[in-house]
Amino acid sequence: MSKNSLYFVFVLLFVSSALAENSQVERLHQQCYELLDSNLDSAYLIAEQANLIAAEDDDRFLQAQSIFIQAYILRVQDKMGESFAKNLDALKLLNDLTTDKAITTQLKLLVNTGEILEHHYAFDQAIYYYNRGIDLALKYGKSDRLVNLYYNKAVAAQINKETEKALESVENAIDLALKLDNEVVLVESMNLKGLILIEMEEFEESRQIFQGIIQYTFKNENRSRSIGNAWHNVGHSYGSEGKWQLANEAYQKALPYRSESVDSKGMFVTYLDLTEVNYFLDNYREADRFGNLAEQLYDQADLQPENYRLFDLRSKIALKEHNSPKAFEYVQRYYQENMSFLQIQSELLKTRSQYKMEVLTAGFFNSGSHNNDHTSLLEYLAWLAGLSMFALILSFRIKNWLVKRSIERELIKIDNESIV
């Protein structure tokens, strides 16, 4: 056998060995995907094994893919801090890879990282990752990923009260969704644009957007859910103007669509807002009825501070109905939910310390001041809830003391009259 032939055989064997290693990692990945719905712990262990094999073979793409699977599993398990750190590890591995698969995976990781940061109310940092994704998607022509990145950035900017930035991004999402004929993102983006316009106090324009959704000719199965959202947000628009009766009517129109789409989270929010508008309309019996319906769905709703107002509202309604024990019970619940939320949010701060180098490398929490602002706000809300509970307890005790004093005076008066 010639020297060239030996060299060719050697190269062939080397390539075959590498392909076999890659094939093994990909088979392990497939096993992970098959276990995601049934056994997350086993899927995680297999992904760890795949990561080790890919690392030994110095295949950064497959290594990143393995870590991405781990990050996804941790996120499903609500281990957001650990998931965030895994995302950073995978992003570092993909940083200078330019294959189509590597760019697609990097875009997925940037979206996931941004969503985790939003979950922890770190909106500036979420927008930073979305912007990285937008730049990458524009550079490599990934329009299908770009439209979602525009939408996600708009959501983060809207919650962060950056309305102009949010409006610009959501309009980009709408334009691109129309070009791609992406009905889901189009309708969600229209809905978001209407909410942004409410914050800008463009109430009539916002309602025109929602009416456009209600009259839209849907091609997919999201019709009931989308129309339910639109009617609900018409109610939100009227409520933001203090037009409680019109808000009440719009929320009522949302209910059949919520029920038809079996949208428990949406139903909870509509019941919650119906509780509020009926409270402002002095319809305390109806407010209490809707509050009870909302409470039955509370465990299925997103557990976020906006939804804790259910317990604040129920305590106020109970006071209007002169039910002091019930009012006290709901103030306690309101306080407990706020304190639990603060505890959950501390997870990412712990991760920040634990993975300090990764965090700094990624540019996450550049100064830390914005996160501290959110932490301070959350602590303020918890203290406010605590003070409310203290004030309620104090008012009960003052009321009981006054009643007791009144009874004592009446008894003294009776005694004096009997002596006479």
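For the single chain, residues carry numbers from 1 onward in sequence order.
- No side-chain heavy atom of Leu297 sits less than 4.5 Å from a side-chain heavy atom of Glu295.
- Looking only at side-chain heavy atoms (C-beta outward), Trp231 and Ile213 stay at 4.5 Å or farther from each other.
- The main-chain N or O of Glu115 is found under 3.5 Å from a side-chain atom of Tyr130 such that the two form a donor-acceptor pair.
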Glu205 and Met200: side chain to side chain contact (heavy atoms under 4.5 Å, CB included), yes or no, with the steps? CA-CA 10 Å; Glu205 191 177 346; Met200 299 174 80; over 6 Å; no
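- Taking the side chain as every heavy atom from C-beta outward, Trp244 and Asn248 never approach each other to under 4.5 Å.
- Annotation: Phe311 is in aromatic contact with Tyr298 [ring centroid separation under 6.0 Å].
- At distances below 3.5 Å, not a single donor-acceptor pair connects side-chain atoms of Ser224 with backbone N or O atoms of Ser261.
- At a threshold of 4.5 Å between non-hydrogen side-chain atoms, the residues Ile69 and Tyr33 count as touching.
- The backbone N or O of Glu306 lies less than 3.5 Å from a partner atom in the side chain of Arg309, making a donor-acceptor pair.
- Of the candidates Asp41, Leu36, Asp37, Asn39 forms a side-chain contact (heavy atoms from CB on, under 4.5 Å) with just one, namely Asp41.
- Side chains of Tyr216 and Gln211: no donor on one and acceptor on the other come within 3.5 Å.
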Audit row: Tyr284, Asp282, side-chain hydrogen bond (donor to acceptor under 3.5 Å, both in side chains) steps and yes/no: CA-CA 5 Å; Tyr284 302 124; Asp282 298 331; 2.9 Å; yes
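- Within the 3.5 Å criterion, the main-chain N or O of Lys165 finds no donor-acceptor partner in the side chain of Ser169.
- Without hydrogens or angle criteria, Asp312 side chain to Tyr308 main chain gives no donor-acceptor distance under 3.5 Å.
- A side-chain donor-acceptor contact under 3.5 Å links Arg258 and Asn229.
- A salt bridge links Arg314 with Asp288; the closest basic N to acidic carboxylate O contact falls under 4.0 Å.
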Give the intermediate values and the outcome of side chain to side chain contact (heavy atoms under 4.5 Å, CB included) for residues Glu34 and Gln30. CA-CA 6 Å; Glu34 290 169 1; Gln30 188 58 41; 3.7 Å; yes
Side chain to side chain contact (heavy atoms under 4.5 Å, CB included) assessment of Asp181 paired with Lys219: CA-CA 11 Å; Asp181 195 24; Lys219 290 178 278 188; 3.1 Å; yes
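- Salt bridge status for Glu337 with Arg333: present, with a side-chain N to carboxylate O gap under 4.0 Å.
- With no hydrogens or angles considered, no side-chain donor-acceptor pair links Glu321 and Asn323 at under 3.5 Å.
- In this structure, the side chain of Ser315 does not engage the main chain of Ala327 through any donor-acceptor pair within 3.5 Å.
- Tyr251 contributes a side-chain N or O that, together with a main-chain N or O of His236, makes up a donor-acceptor pair within less than 3.5 Å.
- Between the side chains of Thr105 and Gln65, at least one donor N or O sits under 3.5 Å from an acceptor N or O.
- Remark: the backbone N or O of Phe61 is paired with a side-chain donor or acceptor of Asp59 at under 3.5 angstrom.
- Both cation-pi conditions hold for Arg207 and Tyr238: the charged atom is under 6.0 angstrom from the six-membered ring centre and inside a 45 degree cone around its axis.
- Side-chain contact between Leu45 and Glu48 is present, with at least one heavy-atom pair separated by less than 4.5 Å.
- Under the 4.0 Å criterion applied to side-chain N and carboxylate O atoms, Asp175 and Lys179 are not assigned as salt-bridge partners.
- Residues Tyr129 and Asn131 have side chains that never bring a donor and an acceptor to within less than 3.5 angstrom of each other.
- Other residues, nucleotides and ligands place no more than 12 heavy atoms under 6.0 Å from the OH atom of Tyr72.
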Hey, can you pull the donor-acceptor pairs under 3.5 Å for the side chains in residues 185-197, sequence neighbours left out?
unit_1, atom_1, unit_2, atom_2, d
Glu188, OE2, Arg225, NH1, 2.7
Ser189, OG, Val185, O, 2.7
Asn191, OD1, Asn233, ND2, 2.7
Lys193, NZ, Glu171, OE2, 3.4

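- Taking 4.5 Å as the limit, every side-chain heavy atom of Ile103 sits out of range of all side-chain heavy atoms of Lys139.
- With a 6.0 Å radius and a threshold of 12 heavy atoms from other residues, nucleotides or ligands, Asp96 has its CG atom above the threshold.
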Working for side chain to side chain contact (heavy atoms under 4.5 Å, CB included), residues Gln24 and Arg27: CA-CA 5 Å; Gln24 184 182 0; Arg27 282 199 301 271; 3.9 Å; yes
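- Checked by atom type and distance alone, the side chain of Ser83 never pairs as donor or acceptor with a backbone atom of Met80 at under 3.5 Å.
- Counting only distance, with no hydrogens or angles, the side chain of Glu82 and the backbone of Leu74 share no donor-acceptor pair below 3.5 Å.
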